[in-house]
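Labels below follow one simple rule: chain letters A, B, ... track the order of the sequence lines, proteins then strands, and each chain is numbered from 1. Given the structure is predicted, the values throughout are model-derived calculations rather than measurements.
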Amino acid sequence: MLRSGAAAPNAFTFPFILKSSSALSLTPTGTQLHCHVIKFGCHLEPFVQTALITMYCRFSSLENAHKVFDEIPHSTRSTVCYNALISGFIQKSRFSDGMLLLREMRAREVPVNAVTILGLVPGCTAPEHLDLGISLHCLTSKYNLITDLAVANCILSMYVHCGSISSAKKLFHEIPHKNLITWNAIISGYSQHGLGTEVLDLYQDMQSANICPDEVTLVGVLSSCANLGAQRIGREVEEIINRRGFGLNPYLKNSLISMYARCGGLARARAIFDAMPDKNLISWTAIIGGYGMHGHGDIAVELFDRMITARIRPDKAVFVCVLTACSHAGLTQKGLDYFHSMKSVYDLDPGSEHYSCVVDLLGRAGRLAEACRLIDSMPMGPDGPVWGALLGACKIHKNVDLAEFAFAKVVEIEPKNIGYYVLLSNIYTETGDSEGVLKIRVMMRERGLKKDPGYSYVECKGKTHLFIAGDRNHSQTKEIYSKLEDLVKGCREKEYGEIPSNNVSVHSERLAIAFALLNGNDSERDILVIKNLRICGDCHVFVKSVSKLVNRRFVVRDATRFHHFSGGSCSCNDYW
DNA sequence: TTAGGGTTAG
């Protein structure tokens with residue numbers, strides 16, 4: 001870089017050389033350069049000092065960066081050199097050091113600018129940083145920096161990372177001229193927090209505002225389609241991906257696999273997965289999770305073993321998928337072996353989510369005593385889902401005493417989770433204990449717990465049609481109810497078992513199914529109905545019979561399970 | 001001619 005005989009570098013050339021050196025990660029050259037800087041007498045030049053700080057920060061040599069900074073007299077420490085060191089600290093996760101520098105800046109009345117904020121705000125990445133994030137937001141308002149779109153976008157993302165979606169939403173609506181990054185930040189944020197319907201609305205709004213979606217936008221949209229079971233919109237997104245030439249983007253390919261897998265389009269998910277030359281851990285997790293949640297535990301396990309053979313190192317998340325798959329496929333010993341291999345082979349400490357999978361695994365196999373011993377051995381102590389898994393196992397094996405014990409534990413941790421009250425109440429119903437059922441009902445009333453209104457929805461021509469029990473608001477109400485009558489009549493004529501009639505308050509899943517049969521729906525093969533509460537026993541019988549009558553497959557996804565109905569039989573899988 | 005905003009699975 002610096003040859004003898006060449007023209008001597010000066011204060012203008014050094015920043016450029018230092019920047020190139022840090023971009024190329026040439027640490028020894030960087031230190032040598034610092035010596036040259038001193039030799040050529042440029043070390044007192046502000047541009048050079050700042051470039052040196054940046055270079056050392058990029059080399060993770062924060063102490064050297066700080067040393068250069070300390071050598072700058074207080075009177076000449078500019079906003080820019082503060083910003084360089086602050087960004088270095090934040091990028092190396094030293095948030096409190098960055099905040100100390102901000103405090104010093106303000107105490108010494110060094111002006112704070114947009115870049116100062118852009119350096120600091122990304123340090124607020126978790127809920128515990130929210131207060132500091134809010135104080136930085138206040139600071140931007142004070143200095144009128146929020147009008148800088150980069151600053152506003154950065155603070156918007158901070159709210160998303162800290163889980164404060166309401167603040168993110170408020171800020172988003174306050175930004176007058178939003179750009180692609182603004183839209184992506186809110187779409188990704190909503191999608192990560194499970195606000196699928198809002199994401200699809202925003203996706204429309206964005207296009208109405210003439211902002212063209214890019215790969216990042218589509219990743220968020222696909223993830224929401226996966227959550228909503230909106231396969232038709234997902235397919236439209238796939239067409240856009242191909243048209244725009246985004247087909248090679250690995251994020252998008254993984255999102256497509258996950259979307260198809262979770263919407264029941266396993267064949268398409270598998271085709272994309274198989275054609276992917278560069279499968280990563282995320283791709284494997286998406287496909288394994290898809291097979292597991294749709295009742296193909298055996299394929300999920302086979303794929304997991306293939307993943308290991310392909311030398312992909314598993315993480316905690318893929319273990320959740322494979323353990324769940326084992327428990328559904330009844331592969332108890334295989335699941336236990338995987339669980340033990342987490343620590344012994346991969347040095348991964350099982351989290352409470354893995355313990356709840358294994359409690360479920362043992363519980364389904366009827367090994368309730370072992371499940372209890374495992375709970376006792378948990379280093380982090382059992383949480384709600386662990387006791388919930390035990391409670392679920394007690395339901396399968398009709399163990400009322402243990403169920404009451406698990407219930408007492410779980411409501412201590414999650415007193416407002418209605419699902420557990422319903423579960424115990426169902427155990428009492430199944431064991432003919434009407435007093436028990438009454439006891440739960442009283443308990444719920446005393447605690448002010450009300451069952452959510454159960455609703456179901458089905459996707460048709462890209463639109464989601466939502467039904468509540470006894471719904472008469474739909475424009476096709478007359479046809480839907482008439483279709484339902486025909487279905488019940490048809491099932492009775494064929495004597496498909498005890499078909500409960502449609503009474504005044506017709507269950508929402510029945511309405512959704514009748515609607516889908518009238519209008520068609522957007523799934524590839526199956527009719528997918530999503531219900532926010534558990535599908536009830538009566539509807540189970542109904543859907544089973546209708547699937548035989550009309551020779552169609554139905555998938556009903558409720559709060560915890562996928563129910564696959566086909567030709568008068570049903571299989572169920574808890575998905576998480 | 002020194003400082004800088006958004007990304008996938010569970």
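- The side chain of A:D148 approaches B:dG4 more closely than any other nucleotide in the set B:dG5, B:dG10, B:dG4.
- Within the 4.5 Å cutoff, no side-chain heavy atoms of A:M206 are placed close to those of A:V221.
- Here B:dT7 presents its P atom at 17 Å from CG of A:N280, a figure rounded to the nearest Å.
- A sub-4.0 Å separation between OP1 or OP2 of B:dA9 and a side-chain N or O of A:S223 is present.
- Contact annotation: side chain of A:D214 to base of B:dG6, donor-acceptor pair present below 3.5 Å.
- Among the nucleotides B:dA9, B:dT2, B:dG4, the one closest to any side-chain atom of A:Q91 is B:dG4.
- With rounding to whole Å, A:N184 atom CG is found 11 Å from B:dT8 atom P.
- A:V219 comes within 4.0 angstrom of sugar-phosphate atoms only, judged by non-hydrogen atoms across all strands, and of no base.
- Using a 4.0 Å cut-off, no side-chain N or O of A:R262 falls inside it from OP1 or OP2 of B:dA9.
- Of all heavy-atom pairs spanning A:S167 and A:Y159, the tightest one is CB-CD2, 3.5 Å.
- Taking the side chain of A:Q192 as heavy atoms from C-beta on, and the options B:dG10, B:dT7, B:dG5, the nearest nucleotide is B:dT7.
- Atom CG in A:N153 sits about 14 Å away from atom C1' in B:dT7, given to the nearest Å.
- Taking every side-chain heavy atom of A:L118 into account, B:dG5 is the closest of B:dT7, B:dG5, B:dA9.
- Here A:H354 lies out of heavy-atom contact (under 4.0 Å) with every strand.
- With rounding to whole Å, A:R58 atom CZ is found 10 Å from B:dG4 atom C1'.
- When distances run from any side-chain atom of A:D315 to the nucleotides B:dA9, B:dT8, B:dT2, the shortest one goes to B:dA9.
- A:N113 comes within 4.0 angstrom of a nucleotide base, judged by non-hydrogen atoms across all strands.
- With a 6.0 Å radius and a threshold of 12 heavy atoms from other residues, nucleotides or ligands, A:K169 has its NZ atom at or below the threshold.
- With sequence neighbours left out, A:E238 forms a salt bridge (Lys or Arg N to Asp or Glu O under 4.0 Å) with A:R268.
- Between A:L85 atom CG and B:dG4 atom C1' there is a gap of 15 Å when expressed in whole angstrom units.
- Taking only side-chain nitrogens and oxygens, A:H161 never comes nearer than 4.0 Å to OP1 or OP2 of B:dG5.
- A:H564 and A:H294 have perpendicular rings, their planes meeting at more than 60° on a 0 to 90° scale where under 30° would count as parallel.
- Between the CD1 atom of A:I53 and the C1' atom of B:dT2 there is a distance of 9 Å, rounded to whole Å.
- Rounding to whole angstrom units, CD1 of residue A:I72 and C1' of B:dA3 are separated by 12 Å.
- In this structure, the nucleotide among B:dA3, B:dT8, B:dG5 sitting nearest to the side chain of A:I282 is B:dT8.
- Each of B:dG4, B:dT8, B:dG6 was ranked by its minimum atom distance to the side chain of A:S255; first place goes to B:dT8.
- In this entry the distance linking CG of A:L180 with C1' of B:dG5 reads 11 Å, nearest Å.
- Contact annotation for A:I155: no contact, since no heavy-atom pair falls under 4.0 Å across all strands.
- Taking the six-membered ring where the residue is Trp, A:F273 and A:W284 present perpendicular rings, their angle passing 60° and hence far from 30°.
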